[in-house]
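Read the structure below first, then the notes.
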Amino acid sequence: MQLTYQRQDLTTQITYGKPLARSIEDVLPDNRHVIILTNQRYYDQFFQKIQQAFPTNDIDWYIARNQLYCNHLEEMMEFLQFLGRFPSSERYLFIAFGNEGVVQLTGFLQRTVMLSGEF
């Protein structure tokens, strides 16, 4: 939703975003397995809200280190080990919820792992 705010001779455009649950409800099928890669800080603050956004989906969390740059080989190997327990016959939704390193690592792994899914 967009509104125009004006005060005296100044005008600005205000854009309101949708909450996460509303923005994904049309896109996400009920049977999609959700894998979330995040940092400990984001997990602590937003765990309940994320769980509420996916009420009918199976959700698994991978919690990366709280380093600014967690997109390194050691973290990638641990995430691959985590993903090894998931069957390749399912479709997944990969969600990066954290800092820049988390987003880069999730995007890279979603494109390179043998699991089919969307990022």
Side-chain angles (χ1 to χ4, degrees):
M1 178 172 83
Q2 292 186 340
L3 298 172
T4 302
Y5 178 77
Q6 184 172 356
R7 185 168 185 179
Q8 295 176 352
D9 60 341
L10 301 174
T11 303
T12 188
Q13 186 85 19
I14 299 173
T15 304
Y16 290 95
K18 289 184 188 176
L20 176 65
R22 275 206 191 130
S23 64
I24 62 172
E25 64 188 7
D26 298 336
V27 179
L28 184 65
D30 290 341
N31 60 353
R32 184 73 55 97
H33 192 120
V34 178
I35 299 175
I36 301 173
L37 180 66
T38 189
N39 301 98
Q40 183 68 49
R41 187 181 74 165
Y42 290 90
Y43 176 81
D44 292 341
Q45 291 178 346
F46 297 104
F47 171 78
Q48 289 181 333
K49 289 184 181 192
I50 296 294
Q51 290 289 126
Q52 291 169 356
F54 304 99
T56 60
N57 299 87
D58 290 333
I59 301 176
D60 282 288
W61 295 79
Y62 177 84
I63 302 170
R65 295 172 179 89
N66 277 332
Q67 300 169 344
L68 178 60
Y69 299 106
C70 61
N71 54 342
H72 50 74
L73 186 59
E74 185 179 342
E75 194 73 59
M76 182 179 79
M77 295 302 292
E78 290 179 20
F79 189 50
L80 286 172
Q81 187 175 16
F82 169 77
L83 292 176
R85 65 188 177 106
F86 297 105
S88 58
S89 59
E90 285 190 50
R91 292 202 33 87
Y92 298 91
L93 175 66
F94 294 92
I95 297 178
F97 192 69
N99 62 22
E100 180 181 354
V102 165
V103 174
Q104 290 175 347
L105 183 62
T106 307
F108 175 76
L109 287 170
Q110 182 270 330
R111 300 290 272 169
T112 58
V113 297
M114 298 302 284
L115 301 175
S116 63
E118 298 173 39
F119 173 52

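FYI, the numbering just counts along the sequence from 1.
Every residue meeting the side chain to side chain contact (heavy atoms under 4.5 Å, CB included) condition with Ser88, not counting sequence neighbours, appears here in chain and number order: Leu115. Here Arg91 pairs with Glu118 under the salt bridge (Lys or Arg N to Asp or Glu O under 4.0 Å) rule; sequence neighbours left out. Applying the side-chain hydrogen bond (donor to acceptor under 3.5 Å, both in side chains) rule to Gln51 yields the partners Trp61; only residues at least two apart in sequence or on another chain are considered. For Phe108, there are no ring pair (Phe, Tyr, Trp, His ring centres under 6.0 Å) partners, not counting sequence neighbours. The side chain to side chain contact (heavy atoms under 4.5 Å, CB included) test applied to Gln40 returns Tyr43, Asp44, Ile63, Asn66, not counting sequence neighbours. For Arg85, the salt bridge (Lys or Arg N to Asp or Glu O under 4.0 Å) partners are Asp60, not counting sequence neighbours. Asp9 meets the side-chain hydrogen bond (donor to acceptor under 3.5 Å, both in side chains) test with no other residue; sequence neighbours excluded. With sequence neighbours left out, the salt bridge (Lys or Arg N to Asp or Glu O under 4.0 Å) criterion links Glu78 to Arg65. Ser89 meets the side chain to side chain contact (heavy atoms under 4.5 Å, CB included) test with Pro87; sequence neighbours excluded. The side chain to side chain contact (heavy atoms under 4.5 Å, CB included) test applied to Met114 returns no partner, not counting sequence neighbours.
Checking side-chain atoms of Asp58 against main-chain N and O of His33 turns up no donor-acceptor pair under 3.5 Å. Although no hydrogens or angles enter the test, the distance criterion places a donor-acceptor pair under 3.5 Å between the side chain of Thr38 and the main chain of Phe97. Between the side chain of Asn39 and the backbone N or O of Val102, no donor-acceptor pair lies under 3.5 Å.
Linking Ile, Leu, Val, Met, Phe, Trp and Tyr residues whenever their side-chain heavy atoms come within less than 4.5 Å leaves Tyr5 and Leu10 in two separate clusters.
Contact check for Tyr92 versus Leu83: no side-chain heavy atoms found under the 4.5 Å cut-off. Looking at heavy atoms from C-beta onward, Phe86 lies in side-chain contact with Ile35 at the 4.5 angstrom threshold.
The shortest non-hydrogen separation linking Val103 to Gly98 is CG2-O, 4.3 Å. Of all heavy-atom pairs spanning Glu90 and Ser116, the tightest one is O-OG, 3.4 Å.
Taking the six-membered ring where tryptophan is involved, the planes of Phe82 and Tyr62 are tilted, since the angle between them lies from 30° to 60°.
The CD1 atom of Ile95 sits 7.5 Å away from atom CD1 of Ile59, with the distance rounded to the nearest 0.5 Å.
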| task | For the pair Phe46 and Ile36, evaluate side-chain contact (heavy atoms from CB on, under 4.5 Å) and give the outcome as yes or no after the intermediate values. | result | CA-CA 12 Å; Phe46 297 104; Ile36 301 173; over 6 Å; no

| request: Any chance you could lay out the side-chain contact (heavy atoms from CB on, under 4.5 Å) test for Leu109 and Leu80, step after step, and finish with the verdict? | output: CA-CA 8 Å; Leu109 287 170; Leu80 286 172; 3.8 Å; yes

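Within 6.0 Å of atom CD in Gln6, more than 12 heavy atoms from other residues, nucleotides or ligands are found, so the atom counts as buried in its surroundings. Heavy-atom contacts from other residues, nucleotides or ligands closer than 6.0 Å to CD of Gln48 number 12 or fewer.
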